[in-house]
S.K.: 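Input: one structure, supplied below.
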Amino acid sequence: MPTPRPNLDRIPSAASAFADGVRVMARLGLARPGHLAAVGAATARWGPTVATLYAAAALRYPSRAAVVDHRGSITFARLHARSTALAHGLRASGLRPGDRLGLLCRNHRHFVEANLAATKAGLHVVYLNAGFAAPQLAEVLAREGVAGLVCDAEFEPLVDADFGGPVVVADGDVEARASMRDTRRRGRFPISMLVAHPTSPVLLTSGTTGTPKGARRDWPGGMSSALGLYQRLPYRADDVFVIACPLYHAWGLSQLVVAASLGCTVVVVPHFEPVATLEAVQRHRATVLAVVPFMLQRMLANDAVDRFDLSCLRIVASSGSALPATVGLEWMDRVGDTLFNLYGSTEVGQATVASPADLRAAPGTAGTVVPGCTVAILDDEGREVPDGTTGRVFVGGGGQFSGYTGGGTKESVRGLMSSGDVGYRDDRGRLFVTGRSDDMIVSGGENVFPGEVEELLLAHPDVVDVAVVGVPDIDFGDRLAAFVVRRPGAALDGAGVRAFVADRLARHKVPRDVTFVDDLPRTPTGKLLRRALIA
């Protein structure tokens with residue numbers, strides 16, 4: 001098999017990449033003596049972990065707000081002290097370095113505190129989905145070997161009575177369970193803890209096709225992705241972040257890490273709601289908003305963006321699922337050219353970034369490669385295909401995960417890992433992702449990727465949201481079925497949907513079935529649950 005050659009002319013030399021990194025670090029103030037001294041002191045105590053980022057921020061900016069939530073704000077110094085006490089309390093509860101701690105919380109300060117405490121105690125965090133039902137939670141806790149759990153009070157009833165480890169309730173007191181306050185108090189009498197060793201957090205995949213897998217990440221490998229983002233997004237050390245996407249998801253967590261590394265304040269909302277999110281941006285004069293694409297759709301659909309002053313925003317960073325071209329253009333037309341589209345996955349990390357200029361020039365693009373990464377489009381034999389030709393997307397770089405906790409990994413070719421997507425690259429090096437390889441529909445012998453049809457229908461003025469799936473058909477093998485969310489008051493019918501597609505795409509891409517629904521089933525990060533629609 002030939003060795004893939006992923007456009008080596010587009011990969012900067014190691015020297016130029018290092019020089020670029022130094023310039024960016026200097027711009028952000030990360031190379032100043034005061035910052036380097038704080039990082040050195042924090043690293044000496046907590047090792048190369050995420051706890052070091054917060055400890056360094058506590059030394060440099062002790063009175064600066066680290067997290068703002070519905071309870072108010074907590075400073076870096078207080079968060080650092082409380083998380084250290086909680087780390088001792090978790091150890092006093094019987095947890096030992098190397099154990100796995102489940103974290104089942106919504107977006108608030110206690111999520112961040114528990115995350116830091118686990119790292120300081122040498123525990124591997126398993127980030128649990130807030131949408132789990134009791135059976136799914138029990139399955140994941142058992143499969144991942146979770147020895148203890150920190151959860152919100154609303155999730156405590158989901159925990160099986162037979163779960164043998166300590167359960168700490170983060171945001172309230174629950175009978176027969178320890179509160180986070182009580183656990184902290186147990187940590188007033190510190191027990192010996194060595195310098196924290198690098199931990200391997202476990203992030204769960206999106207689970208759109210079944211029970212989510214556990215994807216293990218080794219710290220500090222993920223920092224290479226963050227360094228690439230520093231170079232491509234105009235972050236500043238005085239930014240205020242609003243993170244609307246779940247912190248337990250890779251995208252939300254990565255933005256939390258970026259903010260911590262800069263010593264920036266993070267504003268979090270426990271549940272995404274368009275008005276509440278935009279209100280938080282306006283109230284706190286946020287400069288960075290981290291979202292997933294369906295959140296942009298929701299904010300545009302109910303005209304919430306027009307009711308708030310969003311002039312403070314410099315960066316609207318969107319990732320986690322495909323950004324429809326029409327949504328990106330509408331956002332920039334109504335809010336401003338602040339939108340950055342990032343492409344990656346839990347397994348491969350961040351791979352590409354599309355700037356506002358990219359999205360204007362080539363709507364729908366996933367952008368160009370993040371410094372430190374490699375992206376190649378390969379055919380089924382592992383050979384790189386020419387620009388403009390669709391193939392499988394493979395990614396290389398330090399952001400790759402370390403494997404699934406249940407065994408196995410993603411397909412790799414010469415060190416490049418499959419993202420599971422298909423797409424192509426244009427002659428400017430911009431990546432376009434056309435769909436998931438396992439979403440492809442074969443109808444009448446023709447291959448159809450539903451994303452193309454969905455993208456087109458989203459451009460219809462009466463369509464708010466849409467999903468296209470393949471359903472069994474005696475004559476065609478599969479036929480296309482569209483599930484459409486109409487704008488309130490719209491008179492669009494099935495014939496109108498089919499005619500709109502037939503006028504613009506090939507005949508085999510026209511949905512034969514059209515069903516109108518009030519909402520589409522999605523994960524908390526906005527990914528379509530196509531299997532639920534097919535069922």
Side-chain angles (χ1 to χ4, degrees), residues 42-43 45-55 83 86-87 90-91 94-105 111-129 137 139-151 165-166 193-207 211-227 246-258 260-261 344-350 372-373 395-410 412 415 417:
T43 302
R45 179 64 185 90
W46 302 114
T49 67
V50 67
T52 288
L53 301 179
Y54 278 90
S83 61
L86 182 61
L90 291 173
R91 288 285 304 276
L95 297 174
R96 295 290 177 265
D99 284 347
R100 287 184 175 174
L101 178 74
L103 183 53
L104 181 56
C105 296
F111 179 103
V112 183
E113 180 184 340
N115 190 35
L116 298 179
T119 303
K120 290 176 177 180
L123 306 175
H124 306 293
V125 179
V126 179
Y127 298 97
L128 299 166
N129 193 314
L137 175 61
E139 179 183 349
V140 172
L141 292 178
R143 186 192 69 199
E144 300 299 331
V146 172
L149 180 67
V150 175
C151 68
M193 286 197 297
L194 300 174
V195 173
H197 295 288
T199 55
S200 299
V202 176
L203 290 154
L204 301 183
T205 60
S206 298
T211 301
K213 297 178 181 178
R216 192 179 71 255
R217 284 193 161 276
D218 292 332
W219 182 268
M223 278 303 295
S224 62
S225 294
L227 290 173
L247 294 177
Y248 59 75
H249 184 260
W251 173 233
L253 194 61
S254 72
Q255 290 300 284
L256 186 71
V257 170
V258 168
S261 67
S345 72
T346 302
E347 290 88 350
V348 303
Q350 294 296 332
C373 293
V395 179
Q400 293 180 0
F401 81 137
S402 306
Y404 293 115
T405 54
T409 186
K410 300 284 283 188
S412 291
M417 182 175 289

S.K.: Output yes when a side-chain donor or acceptor of Arg96 lies under 3.5 Å from a complementary backbone atom of Arg91, and no otherwise.
M.R.: yes

S.K.: Are Thr405 and Val126 close enough that some pair of their side-chain heavy atoms sits under 4.5 Å apart?
M.R.: no

S.K.: Does Ser412 have any side chain to side chain contact (heavy atoms under 4.5 Å, CB included) partners at least two apart in sequence or in another chain, and if so, which?
M.R.: Met417

S.K.: List for me each residue that meets side chain to side chain donor-acceptor pair (under 3.5 Å) alongside Thr409, sequence neighbours excluded, and say none if there are none.
M.R.: none

S.K.: Indicate yes or no: at least one non-hydrogen side-chain atom of Trp46 is less than 4.5 angstrom from one of Leu116.
M.R.: no

S.K.: Please find the pair of heavy atoms, one from Thr346 and one from Ala215, that lie closest to each other, and give the distance.
M.R.: CG2-CB, 3.8 Å

S.K.: What are the two closest heavy atoms between Ala260 and Tyr54, and how far apart are they?
M.R.: CB-CE1, 3.4 Å

S.K.: Evaluate the side-chain proximity of Leu128 to Tyr248: yes if any heavy-atom separation is below 4.5 Å, no if none is.
M.R.: no

S.K.: Do you know the tightest heavy-atom contact between Ala118 and Leu101?
M.R.: CB-CD2, 3.7 Å

S.K.: If I compare all heavy atoms of Ala117 with all of Ala87, which pair ends up nearest, and what's the gap?
M.R.: O-CB, 3.3 Å

S.K.: With rounding to the nearest 0.5 angstrom, report the CG to CG distance, Leu137 to Leu149.
M.R.: 7.0 Å

S.K.: Measuring from atom CD of Gln255 to atom NE2 of His249, what distance do you get when rounded to the nearest 0.5 angstrom?
M.R.: 12.0 Å

S.K.: Can you list everything that forms a side chain to side chain donor-acceptor pair (under 3.5 Å) with Ser83? Sequence neighbours excluded, please.
M.R.: Lys120

S.K.: Any idea which heavy atoms bring Ser200 and Arg216 closest together, and the distance?
M.R.: CB-CG, 3.6 Å

S.K.: Phe401: which residues meet the ring-ring contact (aromatic ring centres under 6.0 Å, His included) condition with it, sequence neighbours left out?
M.R.: Tyr404

S.K.: Quick one: closest heavy-atom pair of Pro166 and Ala147, and the distance?
M.R.: CD-O, 3.4 Å

S.K.: From the options Val202, Val150, Leu203, Leu103, select the one residue that forms a side chain to side chain contact (heavy atoms under 4.5 Å, CB included) with Val125.
M.R.: Leu103

S.K.: Does Glu347 have any salt bridge (charged side-chain N to carboxylate O under 4.0 Å, His left out) partners at least two apart in sequence or in another chain, and if so, which?
M.R.: none

